[in-house]
Student: 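Dumping the structure here so I can ask a few things about it.
So that the names make sense, note that chain A is the first sequence line, chain B the second, and so on, each numbered from 1. These figures come from a predicted structure and were not determined experimentally.
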Amino acid sequence: MLMEVKNQIKISLLSIKYAIMREMLNKISFITNIVFMIINNSTFIIQWVVLFSIKNDIGGYSLNEVLLLWGLASSSFGVSRFFFKKAFDLSTTINNGKLDSYLVQPKNVLLSVITTDVEPSALGDMLYGYIVLLIYGITFKLFLLFTLFSICSGLIITAITIIFNSLSFWFGKSDLLAEKMDGFMTSFATYPGGIFKGVTKWILLTIIPVGIANYMPVDVMRNFNLSYLLIILGFTIFIVTTAFIVFYKGLKRYSSSNLMIAKI
Amino acid sequence: MRKYLYIFKSEIMTNIQYIGNVLFGFIGFFVMMFIFLNLWQAIYDDPNELIAGYNMNQTIWYVAITEVLWSIISGRKYTKKIVEDVKTGNITYNLNKPYSYIGYSIFNHLAGCFIRFLVYFILGLLLVFIFLGSFPSLDIVQILLVLLTIFLATLINTLLLTFIGLFSFIVEDSNPFYWVYSKLILVLGVMFPIEFFPPIVQTFINYSPIYVVSYGPARLFVNFNYSDFISIIIAQLIYLIISFLLCLLIYKKGVKKLNVNGG
């Protein structure tokens, strides 16, 4: 079992490696994409500098803490888009019958599908997260926590998109719904959790779990809290498992019209 | 001109088929407005407090209009399509057609903007009215004049996006330029009025596309006066001419060095 998981991870990493090599064929375009994504993300610092010049405390966050929140949002977005780009296209893959070529491979179908391509600009998102961490004040402990939470949050985003895209097995087109859900996660992730009150706060801990993917990790990095850490890890395992279950349940309903495509 | 109007009309018909998608997209606008409402309620201790000359309702109305505008005019897919046309050489298919590629692209995009305008402007204003319970004091003539500036803002933005897309003739993939352009508009022209920025940044914004594409129409909507209207219209006309000439120039230069292998 453990050997199988190890082999699967090895295959996925190889798939990502070849996708990176493909993208790096045009080095200028690859580097431009990364650099411009970092500049693109940096522009939002202006917004928060201006807002914090009006008030020192917004929703219980200082400027430095909002930057940390932004860094984590960016880094986790990068993890999901860089390593699992095709998860965000899963609905189209299902609807166009393009799963056929993955079904005949002796490896995990879902992982094979979602790791076949990378988004170079997402590397810029990940790097931006660490640049922000440097500004915030990096320590070894913070570096480890930030990396762990970037991975967890990235996995949560990917898992949610897989669940909603997999609905295509039952309802045909679900890409719009998945896209919207992904948009909600990104939108809420970059604003201090403290500005949301009442029902909204509960929605952000359940239906749109930004509270667990972003707000709690920032709280742990501000003041270490073991129970929050365990909730984040537990939820990540739960949502990733759910994504696998939903995808494989849906896969049983999959049918195609024998689309002939060559995978090189 | 008739052929472009025909393109515009047929694209509208296509867009109407997918009106559900536009309505669905409105949920994203709703969420953003909800976030901004919470944000500004957290920043303003008292709704009547003035920050840079704006009370809370004025600030939220400003953000609502710039968000509506941004939802109408933002053209990530549009720019991407032009970049792809240049990169893949598909642009050549348009060279022997009895229309200009620029004209075709612009009218195609404007049709989508028009449909989004109908949905976002009406539903957007209604939503913010429900949130705030008040509406800026504007008479019918002033509303029409604000709509004129919104139309010009859409046109200028479409031309600037076309220019950015055609910039792929020079840098192969000009999508990153779109990201920076869109984020500059979003951060400096959508999130809050430019009066919130330090004076030196305000000067920069007053000469940038942000003034004509985002700030100008929203400022008029929140606090209309005729002298502001005249300066905004003049600035918009100047930008319209410059952006149109830039598109023509880069297209003519780019097409000359176009090299397509195979097909």
Side-chain angles (χ1 to χ4, degrees), chain A residues 26 28-61 66 120-121 124-125 173 175-177 179-198 200-201 203-204 208 210, chain B residues 18 20-45 49-52 54 59 63 67 83 87 168 171-198 201-202 204-205:
Chain A
N26 188 339
I28 293 175
S29 184
F30 185 78
I31 293 166
T32 313
N33 269 284
I34 295 168
V35 173
F36 270 75
M37 187 48 81
I38 293 173
I39 298 171
N40 172 49
N41 290 344
S42 310
T43 52
F44 282 97
I45 293 179
I46 302 168
Q47 174 199 356
W48 289 104
V49 168
V50 172
L51 291 178
F52 277 98
S53 71
I54 300 167
K55 206 175 176 189
N56 292 328
D57 179 296
I58 299 175
Y61 281 57
V66 167
S121 64
D125 287 309
K173 278 182 80 68
D175 52 338
L176 271 177
L177 192 65
E179 211 176 280
K180 275 283 152 277
M181 195 60 193
D182 186 45
F184 295 162
M185 289 289 288
T186 315
S187 303
F188 281 106
T190 50
Y191 288 88
I195 65 171
F196 305 109
K197 309 259 184 272
T200 316
K201 205 160 188 155
I203 291 175
L204 296 181
I208 309 168
V210 182
Chain B
Y18 300 102
N21 289 3
V22 182
L23 287 168
F24 201 69
F26 185 76
I27 299 170
F29 174 85
F30 172 83
V31 168
M32 278 323 290
M33 278 320 300
F34 180 74
I35 291 175
F36 284 131
L37 190 75
N38 280 278
L39 178 69
W40 288 108
Q41 278 171 347
I43 291 175
Y44 277 91
D45 293 321
E49 177 193 352
L50 286 182
I51 299 177
Y54 290 79
T59 306
V63 178
E67 265 297 318
V83 171
K87 266 172 77 176
S168 286
V171 292
E172 183 165 340
D173 183 357
S174 60
N175 276 313
F177 290 89
Y178 168 76
W179 305 337
V180 174
Y181 168 78
S182 63
K183 286 301 172 305
L184 278 176
I185 300 265
L186 201 63
V187 173
L188 300 180
V190 173
M191 306 288 191
F192 33 72
I194 66 170
E195 286 85 351
F196 282 50
F197 289 101
V201 182
Q202 285 185 38
F204 161 74
I205 296 174

Student: Show the nearest heavy-atom pair for residues A:Ile195 and B:Ile35, with the distance to one decimal.
Tutor: CD1-O, 4.2 Å
Student: Can you name the closest pair of heavy atoms from A:Asn40 and B:Trp179 and give their distance?
Tutor: OD1-O, 3.4 Å
Student: Which atoms of B:Asp45 are under 4.5 Å from chain A, going by heavy atoms: the side chain, the backbone, both sets, or neither?
Tutor: side chain
Student: Where on A:Thr200 is there a heavy atom nearer than 4.5 Å to chain B: the side chain, the backbone, both, or neither?
Tutor: side chain
Student: Among B:Leu39, B:Ile27, B:Leu186, B:Ile51, which residue has the highest count of heavy-atom pairs closer than 4.5 Å to chain A?
Tutor: B:Leu39
Student: For B:Phe30, is it the side chain, the backbone, both, or neither that has a heavy atom closer than 4.5 Å to a heavy atom of chain A?
Tutor: neither
Student: Please report the interatomic distance CG(B:Leu184) to CD1(A:Ile46), rounded to the nearest 0.5 Å.
Tutor: 7.0 Å
Student: Please look at B:Phe177 and chain A and tell me whether the side chain, the backbone, both or neither of the residue comes under 4.5 angstrom of a heavy atom of that chain.
Tutor: both
Student: Does any heavy atom of chain B fall under 4.5 Å from the side chain of A:Leu177, the backbone, both, or neither of them?
Tutor: both
Student: Quick one: of A:Ile54, A:Val35, A:Asp57, who has the most non-hydrogen atom pairs under 4.5 Å with chain B?
Tutor: A:Ile54
Student: Would a 4.5 Å heavy-atom cut-off, applied to side chains only, mark A:Phe36 and B:Tyr178 as touching?
Tutor: no
Student: If we ignore hydrogens and angles and just use 3.5 Å, is the side chain of A:Lys55 paired with the main-chain N or O of B:Ala42 as donor and acceptor?
Tutor: yes
Student: Under 4.5 Å between any side-chain heavy atoms of B:Asp173 and A:Thr32, yes or no?
Tutor: no
Student: Between B:Val201, B:Asn38, B:Asn175, B:Val180, which shows the greatest number of heavy-atom pairs under 4.5 Å with chain A?
Tutor: B:Asn38
Student: Do you know the tightest heavy-atom contact between A:Phe44 and B:Met191?
Tutor: CE2-CE, 3.5 Å
Student: Under 4.5 Å from any heavy atom of chain B, what part of A:Ile58 do you find: side chain, backbone, both or neither?
Tutor: side chain
Student: With respect to chain A, which residue among B:Phe197, B:Tyr181, B:Phe192 yields the maximal number of heavy-atom pairs within a distance under 4.5 Å?
Tutor: B:Phe192
Student: Would you call A:Leu51 and B:Trp40 a side-chain contact if the rule is heavy atoms closer than 4.5 Å?
Tutor: yes
Student: Measure distances from A:Asn26 to the heavy atoms of chain B and classify the residue's part below 4.5 Å as side chain, backbone, both or neither.
Tutor: side chain
Student: To the nearest 0.5 Å, tell me how far A:Phe184 CZ sits from B:Met32 CE.
Tutor: 11.5 Å
Student: If I take atom CZ from residue A:Phe196 and atom CG from residue B:Leu37, how far apart are they, to the nearest 0.5 angstrom?
Tutor: 10.5 Å
